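Notes to accompany the following structure.
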Amino acid sequence: MKIGVVGYGEVGKIFAVGLKQTAESVCCWDIRFESVTDSELQLMHAGQHQVKVCASVAELCAQSDLIISVVTASNALAVAEETARHLRPGSGFLDCNSASPQTKQQSGKLIEAADGYFVEAGVMTSVPLYGLKVPMLLGGARAGELARTLSDMGMHCSAVSNEVGVASAIKMCRSVMIKGLEALVIESFTTARSYGVEQQMIATLYETFPSIDWEKQASYFYSRVAQHGKRRAEEMREVANTISEAGFDPLMASAIAEKDDWMAQHTKAGLFDGITKEADWQEFADRLTSLLPRKAKQ
């Protein structure tokens, strides 16, 4: 199988390099390739791993049997639209983006109208932790067939439905919990740090949930949200859409998106510069509390 990857960010790189071991060929395209400033590291990475860089979506489609879309949630539908214009009949489109069921269904109709086949994927946990073996739930008329093919190529895919929207609904509902826990930990731990009561507060968490390593988990949460807050905020807006599509008010999802945006703005402003992704959560919290006009007191 010839694979084309749209979106050569953190996940796109992992998928492209991993699939190179078994695919006939792997090529990639990213909108950042059009910017001299933004493309340098991406192009260097592709060259080092012998992943062919395409000049356009059209060129990528011409060389691919299966297009894997791994972009930000806000760009998921636009990528499907652009791909549909150039898709070779009979080619597949695997949408791995964190988009709502309705967005996935809209994308699917575009691909199918271009005589391609569409399969959605719900990526169920952190890709950097699992690499190519990250658990993914697939949905669509050809989900079972593609799940077997990709599993043979080293991925960990399971078909959950012949209908598009089921896998994304599972993923989106899970994100309320996972991204919500990230936001809660950042708000709780940072506030506790500002009052100087973090050790006492965390001790009570260990009493209630002894199976969770709260210090280690907090460090991971701060690091991931600081690095990918913008992407998380976009995903949570899609989660809010999912909740609205079900008929409920997305009160929690909207608040989580705001918290992720808040972290992303501080990252963009350079607040976390110099902090490594392996750093303890206290380093991130101290940078945040440094913004306060005065330290909170007990």
Side-chain angles (χ1 to χ4, degrees), residues 1 3-9 11-12 15-16 27-31 54 56-62 64-124 127 134 136-147 149-150 155 157-175 231-246 250 253:
M1 181 176 282
I3 304 290
V5 177
V6 179
Y8 203 65
V11 175
F15 283 1
C27 59
C28 65
W29 179 83
D30 193 298
I31 195 168
C54 293
S56 64
V57 173
E59 181 183 343
L60 181 136
C61 288
S64 304
D65 302 314
L66 176 68
I67 291 87
I68 301 177
S69 177
V70 280
V71 297
T72 57
S74 61
N75 290 315
L77 185 58
V79 167
E81 290 174 341
E82 180 66 13
T83 301
R85 296 188 185 99
H86 307 288
L87 193 70
R88 290 191 293 111
S91 300
F93 185 93
L94 179 64
D95 189 330
C96 297
N97 305 305
S98 296
S100 75
Q102 192 172 93
T103 300
K104 293 287 182 89
Q105 290 161 359
Q106 291 175 319
S107 296
K109 289 177 181 177
L110 291 167
I111 297 300
E112 289 167 2
D115 293 328
Y117 68 91
F118 179 91
V119 175
E120 66 165 339
V123 181
M124 301 310 292
V127 176
V134 64
M136 297 200 302
L137 304 180
L138 305 191
R142 295 180 62 173
E145 174 188 342
L146 188 59
T149 299
L150 293 177
M155 302 187 84
C157 300
S158 304
V160 293
S161 178
N162 291 327
E163 296 181 12
V164 172
V166 174
S168 54
I170 298 170
K171 160 72 174 179
M172 295 289 97
C173 292
R174 179 183 186 275
S175 290
R231 188 174 77 191
R232 277 164 158 70
E234 291 182 3
E235 177 181 334
M236 290 313 299
R237 292 191 183 94
E238 282 295 306
V239 170
N241 291 338
T242 301
I243 295 167
S244 295
E245 290 164 13

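The structure displayed is predicted, hence computed values, not measured ones.
- Rounded to the nearest 0.5 Å, atoms CD1 (I111) and CD1 (I67) are 7.5 Å apart.
- Considering only residues two or more places apart in sequence or on other chains, F15 meets the ring pair (Phe, Tyr, Trp, His ring centres under 6.0 Å) condition with none of them.
- Evaluation of the salt bridge (charged side-chain N to carboxylate O under 4.0 Å, His left out) test over residues 77-94, restricted to residues two or more places apart or in two chains, returns D65-R88, E82-R85.
- Among residues two or more places apart in sequence or in another chain, the salt bridge (Lys or Arg N to Asp or Glu O under 4.0 Å) test is passed with E145 by R142.
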For L146 and L66, what are the C-alpha separation, side-chain angles and deciding distance, and is it a side-chain contact (heavy atoms from CB on, under 4.5 Å)? CA-CA 10 Å; L146 188 59; L66 176 68; 4.0 Å; yes
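- Residues meeting the side chain to side chain donor-acceptor pair (under 3.5 Å) test with T242, sequence neighbours left out: none.
- Scanning all heavy atoms of the two residues, the minimum distance from A73 to S98 falls at CB-O, 3.2 Å.
- Here ring pair (Phe, Tyr, Trp, His ring centres under 6.0 Å) pairs that include residues 67-107, with residues two or more places apart or in two chains, are F93-F118.
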Contacts under 3.5 angstrom, residues 163-173 side chains, donor-acceptor by atom type, not counting sequence neighbours:
unit_1	atom_1	unit_2	atom_2	d
S168	OG	E120	OE1	3.0
S168	OG	G165	O	3.1
K171	NZ	V123	O	2.8

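- For the pair C96/L94, a side-chain contact is recorded, criterion being any heavy-atom separation below 4.5 Å from C-beta on.
- Atom CG of L150 sits about 6.5 Å away from atom CD1 of I3, to the nearest 0.5 Å.
- With contacts defined as side-chain heavy-atom distances shorter than 4.5 Å, the pair N241/Q102 does not qualify.
- The closest side-chain heavy-atom distance from L110 to L77 is below 4.5 Å.
- Atom-to-atom distance recorded for E234:CD and R231:CZ is 10.0 Å, nearest 0.5 angstrom.
- Of all heavy-atom pairs spanning W29 and L60, the tightest one is N-CD1, 3.6 Å.
- By the side chain to side chain contact (heavy atoms under 4.5 Å, CB included) test, A16 is found to be paired with V5, Y8, V26, V51, residues two or more places apart in sequence or in another chain being considered.
- In this structure, the side chain to side chain donor-acceptor pair (under 3.5 Å) partners of S69, at least two apart in sequence or on a different chain, are N97.
- Under the 4.5 Å side-chain criterion, counting only non-hydrogen atoms from C-beta, Y117 is not in contact with L87.
- Residues satisfying the side chain to side chain contact (heavy atoms under 4.5 Å, CB included) criterion with A143, sequence neighbours excluded, are V119, L138, A159.
- Going from atom CZ of R174 over to atom CG of L137 covers 9.5 Å, rounded to the nearest 0.5 Å.
- Residues forming a side chain to side chain contact (heavy atoms under 4.5 Å, CB included) with S56 (at least two apart in sequence, or on another chain): A58, E59.
- Qualifying side chain to side chain donor-acceptor pair (under 3.5 Å) partners for S175, counting only residues two or more places apart in sequence or in other chains: E235.
- Closest heavy-atom contact between A121 and K104: O-NZ, 3.3 Å.
- Side-chain contact between C27 and S64 is present, with at least one heavy-atom pair separated by less than 4.5 Å.
- Counting all heavy atoms, side chain and backbone alike, V70 lies closest to G7 at CG2-O, 3.4 Å.
- For the salt bridge (charged side-chain N to carboxylate O under 4.0 Å, His left out) condition, the pairs that include at least one residue of residues 237-246, sequence neighbours left out, are R237-D261.
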